[in-house]
Amino acid sequence: MDPSPPKRVLLIVGGGIAAYKALELVRLFRRAGVGVRVVLTRAGAEFVTPLSLGALSEDRVFTELFSLTDEQEIGHIELSRQADLLVVAPASANLLAKAANGMADDLATTVLLATDKPVLMAPAMNVRMWLHPATVRNVDGLTGDGVRFVGPDEGAMACGEFGPGRMAEPQAIFTAAMSVLATGPVAAPPVLPLKGRRVLVTAGPTFEPIDPVRGLSNRSSGKQGYAIAEALAELGAEVTLISGPVDLPTPAAVRRVKVVTASQMLEACRAALPVDAAVMAAAVSDWRPERVADRKLKKEAGAPEIRLVRNPDILATLSQPGPERPQLVVGFAAETDHLEEHARDKLVRKGCNWIVANDVTRPGVLGGEENAVTLLTGEGEEAWPRATKVEVARRLAERIAAALAEGSEAGDVH
Ligand code: C5P
């Protein structure tokens, strides 16, 4: 097994006489092989210098939110992203109050507001400040938000008073931090914005039989549609995937209905209604042989004349206004030229809400793992960067979740 990568702590040093103890804390972390990056508040810098913290942490010290070079090189979001744990020591009454209220007026508070990492605070303040109902409220609120506390200790304070308020000793903060780090990243509860939503996805080609062994089909792999079904299910949707003949496993937590022809696909779609959204990613055959020979056509009989008739347009059918029309209908357009123009035309002609257009002349798109698409909505168009079909699917699923959420408020989807 791989050894786990070294842990990293982002240490926020607030204002207070106890700030000097942060130096010892940095030393303890470094000795244990834990990486430390320091954010020093303006008040903290009155008690301890960036130079000494920088020397001990063997890294630069971050001080100002609006330092342009800092923001260019490493933003406040990045600071927390690179850490496994945020430690605030000392956490002054003022810093606690700001954090409890979601204020973000300097680098330290902005990082605290932007983080999704565990936070450990070591409060340090005068005993009356610690016991003040406002601080009690703030600590309660932060605890409710999942922030952990170490200390404060009771004892003689720098201000000459006695009672709780002294910052915990560096060793105690270090031990508490190491125990948070040892429990590993706390798995964030999955965000399921599509919970309770029903979504229909079509995928793959259709196969229109000519005789018992031959038929009319296309080279659609079904990969994009399957990835969309999976991405929607991952966001909590109840997904029905109506699939033409492809060689792909059923994605987790998706109900798959296998069909062969376009007519069967339409029937299966109808049976799956009502749904909140429908994503028509299948490459449906436009035509089918008018008659299906019940025996294999013999070559000795000469080249057969096969009359083709139009297949139903599933996308256009589902887009028709009516009580069963999904709130959001998404179609696909595989184009070889004039991508946006043809796709916009399709949007209008078929009556769907969005079109995901892709240029199938690009190498690797048809049947490949990647896709480069343009999303056309009633409001405009967005060219998405080339990405794997799985990434395109996730992005589309998120857009669908956002549109349904917005649509529920506005009663409409654009
Ligand atoms: O007209 P065209 O085939 O280019 O349109 C593509 C879009 O229409 C895709 O979303 C496809 O799934 C859908 N479609 C359909 N039924 C058809 C033909 C296309 O649902 N018969």
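Residue indices begin at 1 and follow the sequence shown. First listed ligand is number 1; within each ligand, the first listed atom is number 1.
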Task: N/O separation below 3.5 Å, Ala333 to ligand 1 - done: no
TODO: Would you tell me whether Ser92 and Asn94 have side-chain atoms, one donor and one acceptor, within less than 3.5 Å of each other?
DONE: no
Task: Contact check, Ala334 vs ligand 1, heavy-atom distance below 4.0 Å - done: no
TODO: Among all protein heavy atoms, pick the one closest to atom 16 (N) of ligand 1 and tell me residue, atom and distance.
DONE: Ile314 N, 3.0 Å
Open item on the list: As an exercise, identify every atom of ligand 1 less than 4.0 angstrom from a heavy atom of Pro312.
Closed with: 16 (N), 17 (C), 21 (N)
Task: Trp384 six-ring centre to Arg399 NZ/CZ under 6.0 Å and within 45° of normal - done: no
Open item on the list: Using a plain distance cutoff, I'd like to know if Ala282 has any nitrogen or oxygen under 3.5 Å from a nitrogen or oxygen of ligand 1.
Closed with: yes
Open item on the list: Within the 3.5 Å criterion, strictly below it, is a donor on Arg325 or Gln320 matched to an acceptor on the partner's side chain?
Closed with: no
Task: atom 7 (C) of ligand 1: nearest protein contact (heavy atom, Å) - done: Phe332 O, 2.9 Å
TODO: Would you tell me whether Asn371 and Gln224 have side-chain atoms, one donor and one acceptor, within less than 3.5 Å of each other?
DONE: yes
Task: Over-ring placement of Arg60 relative to Phe62, 6.0 Å and 45° cut-offs - done: yes
- [ ] Any atoms of ligand 1 less than 4.0 Å from a non-hydrogen atom of Met280? List them with their elements.
- [x] 9 (C), 10 (O), 11 (C), 12 (O)
Task: Shortest protein heavy-atom distance from atom 4 (O) of ligand 1, along with the residue and atom involved - done: Lys346 NZ, 2.4 Å
TODO: Indicate whether any N or O donor in one side chain lies under 3.5 Å from an N or O acceptor in the other, for Thr109 and Asp106.
DONE: yes
Task: Distance from atom 18 (C) of ligand 1 to nearest protein heavy atom, with residue and atom - done: Val284 CB, 3.7 Å
- [ ] Using distance alone, decide if ligand 1 has a nitrogen or oxygen within less than 3.5 Å of any nitrogen or oxygen in Gly331.
- [x] no
Open item on the list: Using every non-hydrogen atom in the two residues, find where Pro164 and Pro152 come nearest and quote the distance to one decimal.
Closed with: C-CG, 4.5 Å
Open item on the list: To the closest 0.5 Å, what do you measure between CG (Leu200) and CG (Leu241)?
Closed with: 9.0 Å
Open item on the list: Checking side-chain polar atoms at under 3.5 Å, does Glu208 have a donor or acceptor matched by the opposite partner on Thr206?
Closed with: yes
Task: Protein contact to atom 3 (O) of ligand 1 [nearest heavy atom, distance to 0.1 Å] - done: Asp286 OD1, 4.0 Å
Task: Protein contact to atom 1 (O) of ligand 1 [nearest heavy atom, distance to 0.1 Å] - done: Lys350 NZ, 2.9 Å
Open item on the list: Check this for me - ligand 1, Leu315, N or O atoms closer than 3.5 angstrom, yes or no?
Closed with: yes
